Amino acid sequence: MHKTTAIYPGSFDPPTNGHLDLIERGSKIFDELVVAILRNPDKDPLFNVSERVAMLEALTGHYSNVRVDTFDGLTVEYAARVGASSVLRGIRALSDYEYELQMALMNRRLQPRLETVFMMPAEEYSYVSSRLVKEVFQLGAPIKDLVPALVEQRMREKSSK
Ligand code: PNS
């Protein structure tokens, strides 16, 4: 039988409850879901790539059809390397749509056979982004319910260093 593999690419710095919600939804509709962390040397991340891999592996270990990987270069080329036919992306609000549409259409131009599949996270996460989580945390606000407890703990460990 034909197996459907999707990649879920992103920065995941840090993984949020919105990301986890999407992984759960994606794990139900694809046979295999690869959470693919972009290795981007230009950015100044809060967590390095190995720290993000470790967190995501711990947070997704209970899904038998989800694995965590890293990539650099083009998403479409990475998708081809792992045999994925779809790219999973989350759309929270209308504001995400324009950027996501641009990426989806560019990826389609680069690789017409690769489909982008958009899913909506639960509405309680519709305003949660890694960027805002980092910002409010650094300014001393609570981030409970926005990120998994493990991520909150790792963020505390970082800020106490
Ligand atoms: O979590 P993010 O930062 O919104 O994820 C963006 C990501 C990783 C999906 C995007 O930057 C990407 O696909 N980068 C890889 C390089 C690439 O393929 N660029 C062209 C995409 S149109």
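All values reported here derive from a predicted model rather than from experimental measurement. Numbering starts at 1 and runs along the sequence shown. Atoms within each ligand, like the ligands themselves, are counted from 1 in listed order.
- Contacts between L38 and ligand 1 below 4.0 angstrom, taking non-hydrogen atoms only, involve the side chain exclusively.
- Using a 4.5 Å heavy-atom threshold, the side chains of V133 and M155 count as touching.
- Ligand 1 lies less than 4.0 angstrom from a heavy atom belonging to R89.
- Looking at K144 and E152, no side-chain N of the basic residue comes within less than 4.0 Å of a carboxylate O on the acidic one, giving no salt bridge.
- Residue contacts with ligand 1 for Y99 involve side-chain atoms from C-beta outward but no N, CA, C or O (heavy atoms, distance under 4.0 Å).
- For ligand 1 and M106, the ligand atoms under 4.0 Å from any heavy atom of the residue are 22 (S).
- Residues P14 and R154 fail the side-chain proximity criterion, which asks for heavy atoms closer than 4.5 Å.
- Interface of N107 with ligand 1, defined as ligand atoms under 4.0 Å from a residue heavy atom, comprises 21 (C), 22 (S).
- Between the side chain of N107 and the backbone N or O of V76 there is no donor-acceptor pair closer than 3.5 Å.
- Nearest non-hydrogen protein atom to atom 2 (P) of ligand 1 is S11 OG, 3.6 Å.
- At least one heavy atom of G73 sits closer than 4.0 Å to an atom of ligand 1.
- At a threshold of 4.5 Å between non-hydrogen side-chain atoms, the residues E100 and M103 count as touching.
- What sits closest to atom 19 (N) of ligand 1 on the protein, heavy atoms only, is L74 CD2, 4.2 Å.
- At least one donor-acceptor pair closer than 3.5 Å links the side chain of N65 to the backbone N or O of F30.
- Protein heavy atom at the shortest distance from atom 10 (C) of ligand 1 is M103 SD, 3.8 Å.
- The ligand atoms of ligand 1 that sit less than 4.0 angstrom from a heavy atom of T75 are 12 (C), 13 (O), 14 (N), 15 (C), 17 (C), 18 (O).
- Remark: R81 does not engage E77 in a salt bridge, criterion side-chain N to carboxylate O under 4.0 Å.
- Heavy atoms of Y78 come nearer than 4.0 angstrom to ligand 1 in no pair at all.
- For the pair Q102 and ligand 1, the shortest N or O to N or O distance does not fall below 3.5 Å.
- When only modelled atom types and interatomic distance are considered, Y78 and D72 share no side-chain donor-acceptor pair under 3.5 Å.
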